[in-house]
There are 2 protein chains.
Amino acid sequence: MNARPEGPSGPLRRRPVQRRSAERLERILDASARLLEESGYGALTTREVARRAEVPIGTLYQFFTGKDALVAALAERNLERYLARLARRIECEAPAHVAALTDLAVEEFVAMKRAVPGFGVLDFGVVGPPGNRAEQHILDAVLDNNAAVAQRLGTLIGGMLESREGADPEGGADPSLALRVAMECADAVLQLAFRVDPDGDPALIAECKRVLRRYLAPGPG
Amino acid sequence: MNARPEGPSGPLRRRPVQRRSAERLERILDASARLLEESGYGALTTREVARRAEVPIGTLYQFFTGKDALVAALAERNLERYLARLARRIECEAPAHVAALTDLAVEEFVAMKRAVPGFGVLDFGVVGPPGNRAEQHILDAVLDNNAAVAQRLGTLIGGMLESREGADPEGGADPSLALRVAMECADAVLQLAFRVDPDGDPALIAECKRVLRRYLAPGPG
DNA sequence: TCATTATCATGAGCGATGCTCATGTTAGCC
DNA sequence: GGCTAACATGAGCATCGCTCATGATAATGA
C-alpha cells in the first residue's frame, strides 16, 4: 500500500540525484524543523527557511512544489521516524494486549514530541491547516494524513485489534475505522497536552491513554 | 466566569453603537461565514470578506483588530448559537444519564455542521491555526477555545458528570478535565467525519458517540 | 443659521508573503 | 576549446494583512 516509487517525499518537484543536492534538501527540512520548534508555524516562511538552510529561495522551489509540500515532507519524515521507533519498541517489549500497545504508542509519541525539533508543532501533519485542503492529501493521494498513519500503524500491530463484540448488530465495528478514530482522538488530546504544558501535561497524557483503552477495549458499549 | 463586560465579541476594536454599524458588523460576519462555507479557510481574505460585505477594507479594521479577531468573533457566535440550541434540547428531552446527554450534544453539533454556513470549517475555532497562537486565546483570555466550550458546557450539564470510580488512586479524575478531553476527542472525530463526507459520515458520527460514552462512563479502566 | 469640533468612513499604499522565471553558472562530452 | 544540457540564482510579480492621511458626516454652541 501507499507505494512511493518516486522517493521519500511525494510532492517533490525534482528528486535530488547527486549527493550534494540530497544534503541540501535535508538541510532545508532541518531548517524548517528548527524554525518550527523555535517560533511556531506562523514564523515558517519560505524566505527564512531558505536563509537558515543557506540556499537561495529558488533552490527550495526546485525541490518542493510549494510551502505545503515542504510541510508535508517534514510531516512524512516525522511519520517515518515515529513508525521506526515504535516498531523497535514493539519488538522489544512485545505487548500482549491492546492496552499495553496503545500505551506504548502514546509514550513513543510523547517522547518524540519532546525530543524531535518541530514535532511538537507538526507531528504527522497539521490537522486543521488554514490554506488549501490539498496540504492534507500529500502524504497519501487519497487518505488524509492521520488515515495514512492509521493504515501504517494497522500493519504494524497486525490483527491485535479485532472487531469488538457487542458492536452494531449489522456486522460489528470495522477495526480499521476504530484505529482511525483512536488516532484522531489521541492526536487531539496530545496536542492539547502539549499546548497546556511544553513538556506534555502528565494528567492529559494519562487521560489520552484512558480514552484509547476504553474505546478500544472489547465488550459492549 | 468568563465575564465579558465589553460586549458579545471580545477583540472588537470598536463596538457598534449605532444600529447601522451593528448591521455592518453582522454583514461582515455573515460574509465571512459564507466565504468559509464556499471556499474554505484559505479563501478567507480580508479583502474578499470586505468586498462581499460591501464595506471598504478600512471599516473591517475599525471593528476587528485583525483577521484573527474576525475569525474568533465568528467562532464565538457559533458557540453562542450552539449552546443556545443545546440548552433548548436538554430542556426538552431531559436526558437522564451521561450517554443520552453526550448523544444529544453530538447530534446538535452535527445538525449545526450541516445547517450553519461556515460551521463545518470553523465550529468553535480552528484548533491548529497556522499563524500566531494568539488566535486560540481570544474567546477566553486564558483558556483556549475548546476549554471555554467545555467550561460553558460544564455549567450547562451541571453535576451530571461525577468523578468516575476506579480512577487514579490519588483522588479520582477531575470531571472538568474529562469534559475537556471529551470535547477535544469529539471535535477531532467529527471534524474527520465531515472531512470524509460533506454531510458527516454516519459511521464516524456513531463512533464519536461511542468514544464519548465509553470514556465518560463510570467504572474502572 | 453657520462655525467649530468630534467622530466615522475610505481606499491608496506599505511591508511581507508565496512563488516564478529569465539569466547566469556549472558539468559532461566530443 | 566548443557545445549542450542540467542546475543555481535572486530580482520581481501578484497578493496578503493591515495602516493611516484624508475626506465625509454628525453633534454642539451661539
Side-chain angles (χ1 to χ4, degrees), chain A residues 7 11-29 31-32 35-36 39-74 126 129-135 138, chain B residues 7 11-29 31-32 35-36 39-74 122 126 129-136 138:
Chain A
L12 286 185
R13 192 177 300 219
R14 177 168 70 81
R15 196 137 62 95
V17 285
Q18 293 165 268
R19 172 83 175 271
R20 170 140 178 76
S21 289
E23 281 171 6
R24 287 183 121 193
L25 197 154
E26 210 71 17
R27 268 221 315 279
I28 291 174
L29 285 181
S32 303
L35 189 54
L36 226 41
S39 318
Y41 203 118
L44 190 76
T45 66
T46 54
R47 278 178 159 86
E48 181 63 14
V49 168
R51 202 188 61 77
R52 292 202 180 198
E54 293 180 282
V55 300
I57 183 66
T59 295
L60 193 153
Y61 284 94
Q62 281 221 335
F63 292 124
F64 300 100
T65 54
K67 187 182 178 181
D68 294 350
L70 169 64
V71 169
L74 194 55
V126 172
N132 43 8
R133 261 316 145 173
E135 182 176 325
I138 301 179
Chain B
L12 285 186
R13 191 177 302 220
R14 176 169 70 79
R15 196 137 63 95
V17 283
Q18 294 165 266
R19 173 82 175 272
R20 170 139 177 76
S21 288
E23 281 171 7
R24 287 183 120 195
L25 198 153
E26 209 72 16
R27 270 222 312 280
I28 292 174
L29 285 182
S32 303
L35 189 53
L36 226 42
S39 318
Y41 202 119
L44 190 77
T45 68
T46 54
R47 279 180 160 86
E48 182 63 14
V49 167
R51 202 187 61 77
R52 291 202 181 200
E54 292 180 283
V55 300
I57 182 67
T59 295
L60 193 153
Y61 284 94
Q62 282 221 335
F63 292 124
F64 300 101
T65 54
K67 186 183 177 180
D68 295 350
L70 169 64
V71 169
L74 193 56
L122 240 205
V126 172
N132 43 7
R133 258 321 141 175
E135 182 176 326
Q136 306 221 358
I138 300 178

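Letters A, B, ... mirror the listed sequences (proteins, then strands); counts begin at 1.
- Heavy-atom neighbours of A:E54 CD from other residues, nucleotides or ligands within 6.0 Å: at or below the threshold of 12.
- Between C:dT10 and B:R24, a contact under 4.0 Å exists linking OP1 or OP2 to a side-chain N or O.
- Nucleic acid contact for A:T59: base, since at least one base atom lies under 4.0 Å from a heavy atom of the residue.
- Considering B:L29, B:V55, B:L60 in turn, B:L60 is the only one that fulfils the side chain to side chain contact (heavy atoms under 4.5 Å, CB included) rule with B:V49.
- Proximity of B:Y61 to the phosphate of D:dC18: a side-chain N or O atom is located under 4.0 Å from OP1 or OP2.
- B:I28 has its side chain within reach of B:F64: a pair of non-hydrogen atoms, C-beta onward, lies under 4.5 Å apart.
- In this structure, B:R13 places its CZ atom 14 Å from P of C:dA9, rounding to the nearest Å.
- Rounded to an integer number of Å, the gap from A:F63 CZ to D:dA8 C1' is 10 Å.
- Following rounding to the nearest Å, B:I57 (CD1) and D:dG17 (C1') show an atom-to-atom distance of 8 Å.
- Side-chain atoms of B:R51 stay outside donor-acceptor range of the base of C:dG11, with no qualifying N/O pair under 3.5 Å.
- One interatomic measurement links the two molecules: CD1 of A:I28 to C1' of D:dT9, which rounds to 13 Å at whole-angstrom precision.
- Of the candidate nucleotides D:dC18, C:dT17, D:dG10, D:dC18 has the atom lying nearest to any side-chain atom of B:K67.
- For C:dC8, the OP1/OP2 oxygens have no side-chain nitrogen or oxygen of B:Q62 closer than 4.0 Å.
- Side chains of A:E23 and A:E26 form no contact here, defined as non-hydrogen atoms less than 4.5 Å apart.
- Side-chain atoms of A:P56 lie closest to D:dT9 of the nucleotides D:dT9, C:dT20, D:dC16.
- Atom CG in B:L60 sits roughly 17 Å away from atom P in D:dC20 (whole-Å rounding).
- With a 4.5 Å cut-off on side-chain heavy atoms, B:L70 and B:F63 do not count as touching.
- Atom CG in B:L44 sits about 8 Å away from atom P in D:dG17, given to the nearest Å.
- Side-chain nitrogen and oxygen atoms of A:R47 include none within less than 4.0 Å of the OP1 or OP2 phosphate oxygen of D:dA11.
- Look at CG on B:D68: it is 13 Å from C1' on D:dC16, rounded to the nearest Å.
- One atom, CZ of A:R27, and another, C1' of D:dA8, lie 13 Å apart when rounded to the nearest Å.
- Nearest nucleotide to the side chain of A:T46, out of C:dG18, D:dT9, C:dG13: C:dG18.
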